[in-house]
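Start at 1 with the first residue, then count along the sequence.
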Amino acid sequence: MATATEQWVLVEMVQALYEAPAYHLILEGILILWIIRLLFSKTYKLQERSDLTVKEKEELIEEWQPEPLVPPVPKDHPALNYNIVSGPPSHKTVVNGKECINFASFNFLGLLDNPRVKAAALASLKKYGVGTCGPRGFYGTFDVHLDLEDRLAKFMKTEEAIIYSYGFATIASAIPAYSKRGDIVFVDRAACFAIQKGLQASRSDIKLFKHNDMADLERLLKEQEIEDQKNPRKARVTRRFIVVEGLYMNTGTICPLPELVKLKYKYKARIFLEESLSFGVLGEHGRGVTEHYGINIDDIDLISANMENALASIGGFCCGRSFVIDHQRLSGQGYCFSASLPPLLAAAAIEALNIMEENPGIFAVLKEKCGQIHKALQGISGLKVVGESLSPAFHLQLEESTGSREQDVRLLQEIVDQCMNRSIALTQARYLEKEEKCLPPPRVFSGLETSRFIWEYRVQAAEELERRVLRPGAKSGRLQESPLGSLNALPAHSARPGFGRSLW
């Protein structure tokens with residue numbers, strides 16, 4: 001019986017073989033041949049060896065040159081020839097042993113040398129010591145940290161705030177805490193380097209839109225909406241973020257926040273707002289671009305800013321809804337792994353907030369001075385002022401580029417050097433050129449304070465630049481004398497009335 005069954009199975013197999021289509025038989029034949037080849041062939045081929053003599057080995061070793069660990073850096077690179085500041089960088093400072101008027105600081109409200117701020121820091125130093133020697137989760141949380149977070153949350157009118165010990169790490173840690181691989185981030189092309197590093201750490205899909213171009217941003221959002229419709233299952237788990245600056249560090253322009261909020265709700269995205277330059281500057285009470293435009297703070301998912309400009313301290317903070325901020329306490333790398341902010345700096349920031357709240361008129365004064373100096377700088381031949389008149393950080397660029405970035409940098413540096421020779425401290429913006437996504441053009445940076453003395457002297461600096469700036473025939477890299485006359489030294493600043501006095 002078993003033999004008959006086996007014969008019947010064999011007949012069925014032969015019959016199925018005859019009835020099978022030709023392509024099926026060919027495919028099975030190729031697979032059988034491939035299996036046989038894998039079984040009997042070697043997994044690798046023995047390469048022919050040619051034994052070298054001792055002399056040949058020594059010659060090869062002598063000829064071998066290792067690649068440099070880092071690319072060569074010229075000796076005149078700014079990073080290797082930095083200026084040394086001795087003393088507080090307030091209205092006047094000592095640079096390389098020479099007393100100068102400080103136009104290179106972001107001490108917008110003049111709080112850096114404020115007696116109340118220094119007294120608060122000194123009292124904290126006596127109580128807590130210098131540092132913390134531990135991150136916030138490991139005995140690095142002091143009561144003054146909690147006080148500062150509470151004050152910042154109340155000042156910004158948000159539910160909660162979190163502080164970081166380093167300003168650059170604030171937004172660079174906040175972005176990857178929320179945006180992960182597979183998420184989509186729409187970011188302005190002029191975003192600062194800290195935002196770029198945060199995006200790089202997030203490993204998200206980055207889509208750049210033209211600077212402050214809402215039409216271009218909406219185009220990208222529409223394209224993404226079409227892509228989401230093709231794969232709705234993936235779209236349900238993909239988060240979308242819009243990352244912008246309130247007042248752009250690289251351009252001095254303000255973001256169109258009302259249009260951004262409309263696009264946020266239209267295309268269901270989240271807005272991250274970096275306000276390091278606009279916090280303590282814009283708005284009736286210095287709350288930033290949201291107060292400037294009258295935007296409800298709850299329309300912004302996360303606000304980030306550093307405390308190193310207007311507050312004249314160190315570190316940064318993020319503020320928003322409680323569940324958003326609490327997530328950073330578990331996922332913010334700069335918060336979890338860095339030593340917490342020294343208590344003396346937290347105390348200084350709290351006192352700076354007290355001064356801002358007690359003297360809201362300083363923001364109107366700052367706005368007025370920004371407009372006046374912006375207008376005064378417009379008349380400098382050969383240079384142009386870039387950015388909004390509301391910005392206290394001024395960008396001076398060459399009106400006409402020489403066609404070479406190196407040459408432009410050299411010419412601007414000559415202007416900076418000429419001002420330094422006359423006790424005016426300016427600085428040229430520096431970038432990691434090989435790492436910047438969209439490298440800004442060369443420019444001279446200048447920061448504005450609310451001090452009357454600084455403002456009057458800065459107008460004189462504008463006249464100084466007008467006498468020393470490039471002329472049409474000076475594209476060879478040489479600064480020529482202005483036809484307005486010989487360069488006269490500026491009057492001694494020690495004779496200026498009102499030196500060092502804040503407007504309040």
CA sep, side-chain torsions, deciding dist, call: I300, T290, side-chain contact (heavy atoms from CB on, under 4.5 Å): CA-CA 9 Å; I300 310 301; T290 52; 3.9 Å; yes
Between the OH atom in Y335 and the CG atom in L341, the distance rounded to the nearest 0.5 Å is 11.5 Å
Closest heavy-atom contact between C318 and T170? SG-CG2, 3.6 Å
Looking at R329 and D326, does any basic side-chain N land under 4.0 Å from a carboxylate oxygen? yes
Using atom types as modelled and distance alone, determine if a side-chain donor or acceptor of R239 lies under 3.5 Å from a backbone N or O of Y178. yes
Ignoring hydrogens and geometry beyond distance, is a side-chain donor-acceptor pair present between Q200 and S202 at under 3.5 Å? no
For the residue pair Q333 / S173, report whether a side-chain donor-acceptor contact shorter than 3.5 Å exists. no
Check whether S204 reaches the backbone of K180 with its side chain - one donor and one acceptor, N or O, closer than 3.5 Å. yes
Counting only heavy atoms not in Y265, do more than 12 sit closer than 6.0 Å to its OH atom? yes
Donor on one side chain, acceptor on other, S340 and R136, under 3.5 Å: no
When rounded to the nearest 0.5 angstrom, what is the spacing between CG in L302 and NE2 in H327? 11.0 Å
S338 and S165: side chain donor to acceptor below 3.5 Å: no
If you draw a 6.0 Å radius around NZ in K437, do more than 12 non-hydrogen atoms from other residues or ligands fall strictly inside? no
I'd like to know if the side chain of N107 reaches the main chain of L111, judged simply by a donor and an acceptor atom lying under 3.5 Å from each other, with no hydrogens or angles considered. yes
Taking the basic N atoms (NZ, or NE/NH1/NH2) and the acidic carboxylate oxygens, is any pair closer than 4.0 Å for E99 and K92? yes
Can you confirm whether the side chains of R410 and Q407 place a donor and an acceptor under 3.5 Å from each other? yes
Side-chain H-bond candidate by donor/acceptor type, N354 with R151, under 3.5 Å: yes
More than 12 non-hydrogen atoms from neighbouring residues, nucleotides or ligands closer than 6.0 Å to CZ on R189, yes or no? no
Parallel under 30°, tilted from 30 to 60°, perpendicular over 60°: which one fits the rings of F394 and H374? tilted
Salt-bridge present (R405, E433; N to O < 4.0 Å): yes
Looking at every heavy atom in both F106 and L277, which two are closest together, and how far apart are they? CE2-CD1, 4.0 Å
Give a yes-or-no answer on whether the side chains of D408 and S401 include a donor-acceptor pair shorter than 3.5 Å. yes
Q196 side-chain N/O to A191 backbone N/O, donor-acceptor pair under 3.5 Å: yes
Measure the acute angle between the ring planes of F193 and F168, then classify it against the limits of 30° and 60° as parallel, tilted or perpendicular. tilted
Would S278 and E275 count as having a side-chain donor-acceptor pair, cut-off 3.5 Å? yes
So does K98 have more than 12 non-hydrogen atoms from other groups sitting under 6.0 Å from NZ? yes
Closest heavy-atom pair, A120 versus A347, reported as atoms and distance to 0.1 Å, is O-CB, 3.8 Å
With a 6.0 Å cut-off on the ring centroids, do Y164 and F317 count as close? no
Sidechain-backbone polar pair: D301 side chain, I271 backbone, donor-acceptor under 3.5 Å: yes
Does K154 come within less than 4.0 Å of E357, counting only side-chain N to carboxylate O? no
Kindly compute the distance separating CG (L377) from OG (S389), expressed to the nearest 0.5 Å. 12.0 Å
Taking atom CD of Q378 as the centre, does the number of heavy atoms from other residues, nucleotides or ligands within less than 6.0 Å exceed 12? yes
Taking all heavy atoms of E291 and all of G286, pick out the closest pair and write down the distance. OE1-N, 3.3 Å
Looking at K268, I want to see if its NZ is surrounded by more than 12 non-hydrogen atoms of other residues, nucleotides or ligands under 6.0 Å. no
Salt-bridge contact R240-D183 (side-chain N to carboxylate O under 4.0 Å): no
For F142, does its backbone N or O pair with a side-chain atom of Y128 as donor and acceptor, under 3.5 Å? no
Dump the intermediate steps for side-chain hydrogen bond (donor to acceptor under 3.5 Å, both in side chains) on N96 and Y82, then the final yes or no. CA-CA 9 Å; N96 298 329; Y82 41 79; over 6 Å; no
Locate the shortest heavy-atom distance separating A348 from V117; write the atom from each residue and the value. CB-CG1, 3.7 Å
R443 and H395: side-chain donor and acceptor closer than 3.5 Å? yes
Heavy-atom donor-acceptor pair, E308 side chain to G316 backbone, under 3.5 Å: no
Under-4.0 Å salt bridge between E436 and R430: no
Between T253 and T251, a side-chain donor and acceptor under 3.5 Å: yes
Can you spot which of V243, I242, I175 makes a side-chain contact (heavy atoms from CB on, under 4.5 Å) with V187? V243
Carboxylate-amine/guanidinium proximity below 4.0 Å for K262 and E218: no
Decide if atom NZ of K264 counts as having more than 12 heavy atoms of other residues, nucleotides or ligands within a radius under 6.0 Å. yes
Contact summary for E245 and A190, nearest pair of heavy atoms: OE2-O, 3.7 Å
Closer than 3.5 angstrom, by distance alone: can the side chain of T141 be matched with the main-chain N or O of G137 as a donor-acceptor pair? no
Lys/Arg cation over aromatic F155: R287, 6.0 Å, 45° cone: yes
Does OH belonging to Y431 count more than 12 external heavy atoms closer than 6.0 Å? yes
To the nearest 0.5 Å, tell me how far L80 CG sits from K75 NZ. 10.5 Å
I'd like to know if the side chain of D213 and the backbone of F209 have a donor-acceptor N/O pair within less than 3.5 Å. no
Step by step, work out the side-chain contact (heavy atoms from CB on, under 4.5 Å) result for I84 and V95. CA-CA 6 Å; I84 301 175; V95 182; over 6 Å; no
Please test Y248 against N212 for side-chain contact (heavy atoms from CB on, under 4.5 Å), starting from the C-alpha separation and ending with a verdict. CA-CA 10 Å; Y248 282 87; N212 274 350; 3.6 Å; yes
Between CG of L311 and CG of L345, what distance do you get to the nearest 0.5 Å? 11.5 Å
Measure from the side-chain N and O atoms of S124 to the backbone N and O of P343, and report whether any donor-acceptor pair falls under 3.5 Å. yes
Value for CZ (F279) from CG (N309), rounded to nearest 0.5 Å, stands at 10.0 Å
Got a salt bridge between E399 and K384, using NZ or NE/NH1/NH2 to carboxylate O under 4.0 Å? no
